[in-house]
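Residues: numbered from 1 along the sequence shown.
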Amino acid sequence: VQLQASGGGLVQAGGSLRLSCAASGGTFSKYTMGWFRQAPGKERELVAGIAWGALRTYYADSVKGRFTISRDDAKNTVYLQMNSLKPEDTAIYYCALDSARPWSSNVGRTTLNYDMWGQGTQVTVSS
């Protein structure tokens with residue numbers, strides 16, 4: 001499976017963006033998907049994750065109530081709707097897939113839980 005992230009850009013604080021991650025080359029629906037971000041000088045962190053069938057979702061405390069993860073298995077795409085953006089949301093955002101645990105309702109919280117990665121898309125929030 002290959003992942004292609006898109007939708008990043010420059011936005012003012014308080015604005016919104018929607019990131020998309022399109023999967024190709026395999027069966028997408030049975031895997032947990034995650035959105036991570038990495039700011040300069042910081043470790044890559046999980047922002048949101050969604051299990052197969054959207055049975056479970058996870059959000060980092062810093063984005064709860066502002067970001068929403070969703071998936072459209074018919075389109076092999078996972079989305080991250082980001083509202084009320086803050087300058088501290090500035091980072092490169094990566095989508096990731098956990099192919100080791102198909103049909104799992106768990107959402108892994110670290111980079112070690114995901115073995116396939118998209119190329120990243122830059123999100124910059126100006127104050």
Side-chain angles (χ1 to χ4, degrees):
V1 177
Q2 294 183 325
L3 305 176
Q4 180 73 37
S6 62
L10 174 64
V11 63
Q12 289 188 331
S16 298
L17 284 173
R18 188 176 82 154
L19 306 183
S20 299
C21 177
S24 61
T27 303
F28 166 84
S29 61
K30 60 185 177 181
Y31 300 119
T32 292
M33 300 293 298
W35 281 101
F36 286 76
R37 68 185 180 188
Q38 188 167 21
K42 295 188 176 181
E43 293 186 351
R44 193 171 297 189
E45 63 174 352
L46 179 66
V47 174
I50 186 167
W52 80 273
L55 292 180
R56 182 174 295 176
T57 57
Y58 166 85
Y59 295 95
D61 288 343
S62 58
V63 306
K64 281 181 181 177
R66 300 189 298 122
F67 290 11
T68 303
I69 190 170
S70 62
R71 62 191 300 160
D72 185 339
D73 291 335
K75 295 182 178 180
N76 282 353
T77 302
V78 63
Y79 303 98
L80 186 67
Q81 178 67 43
M82 306 186 294
N83 298 328
S84 302
L85 283 161
K86 304 175 181 180
E88 50 264 44
D89 295 319
T90 296
I92 300 175
Y93 284 70
Y94 300 88
C95 60
L97 181 149
D98 175 6
S99 72
R101 285 165 285 274
W103 311 117
S104 172
S105 59
N106 292 322
V107 176
R109 308 290 177 87
T110 77
T111 59
L112 296 177
N113 296 121
Y114 299 83
D115 54 341
M116 295 186 179
W117 294 83
Q119 85 286 6
T121 184
Q122 176 71 48
V123 172
T124 303
V125 184
S126 62
S127 57

Just wondering, do V63 and R37 contact through their side chains at under 4.5 Å, heavy atoms? yes
Is there side-chain contact between S6 and T121, with at least one heavy-atom pair below 4.5 Å? no
Is a side-chain donor or acceptor of W35 paired with a backbone partner of A48 at a separation under 3.5 angstrom? no
Shortest non-hydrogen separation from V123 to L17 and the atoms involved: CG1-CD1, 3.9 Å
Flag, side chain of R66 to backbone of S84, donor-acceptor distance under 3.5 Å: yes
Grab the two heavy atoms, one from G49 and one from V107, that are nearest each other, plus how far apart they are. CA-CG1, 3.6 Å
Please answer: with hydrophobic residues joined when any side-chain heavy atoms are less than 4.5 Å apart, are L55 and I50 in the same cluster? no
Worked check of salt bridge (charged side-chain N to carboxylate O under 4.0 Å, His left out) between K64 and D61: CA-CA 5 Å; K64 281 181 181 177; D61 288 343; 3.2 Å; yes
Same cluster (ILVMFWY, side-chain, under 4.5 Å), I92 and V47: no
Should L3 and Y31 be counted in the same cluster of Ile, Leu, Val, Met, Phe, Trp and Tyr side chains packed under 4.5 Å apart? yes
Side chain of R71, backbone of A51: donor and acceptor closer than 3.5 Å? yes
Close side-chain approach of Q119 to Q4, heavy-atom, < 4.5 Å: yes
Which heavy atom of Y94 sits nearest to which heavy atom of G118, and what is that distance? CD2-O, 3.7 Å
Smallest heavy-atom separation, Y59 atom then F67 atom, equals CE2-O, 3.2 Å
CE of M33 to CG of N76, rounded to nearest 0.5 Å, is 9.5 Å
Do L19 and L85 share a hydrophobic cluster (ILVMFWY, side-chain heavy atoms under 4.5 Å, transitive)? yes
Could you check if a side-chain atom of I69 sits within less than 4.5 angstrom of a side-chain atom of V78, using non-hydrogen atoms only? yes
For A100 and D115, the nearest pair of non-hydrogen atoms, with its separation, is N-OD2, 4.2 Å
Ring geometry between Y114 and F36 (parallel below 30°, tilted from 30 to 60°, perpendicular above 60°): perpendicular
Between V11 and M82, does the side chain to side chain contact (heavy atoms under 4.5 Å, CB included) criterion hold? Intermediate values first, please. CA-CA 11 Å; V11 63; M82 306 186 294; over 6 Å; no
Q12 side, atom CD; S127 side, atom OG - distance, nearest 0.5 Å: 9.5 Å
Return the CZ to SG distance between F28 and C21, rounded to the nearest 0.5 Å. 7.0 Å
Find out if a path of hydrophobic residues (ILVMFWY) with successive side-chain heavy-atom gaps under 4.5 Å connects M116 to L46. no
Do N113 and R101 have side chains that approach each other closer than 4.5 Å (heavy atoms only, starting at C-beta)? yes
For the atom pair CD (E45) and OG1 (T110), what is the distance rounded to the nearest 0.5 Å? 12.5 Å
Donor-acceptor under 3.5 Å (T32 side chain, N106 main chain): yes
Pi-cation contact, Y79 with R18 (under 6.0 Å, within 45°): yes
Does Q122 CD have over 12 foreign heavy atoms under 6.0 Å away? yes
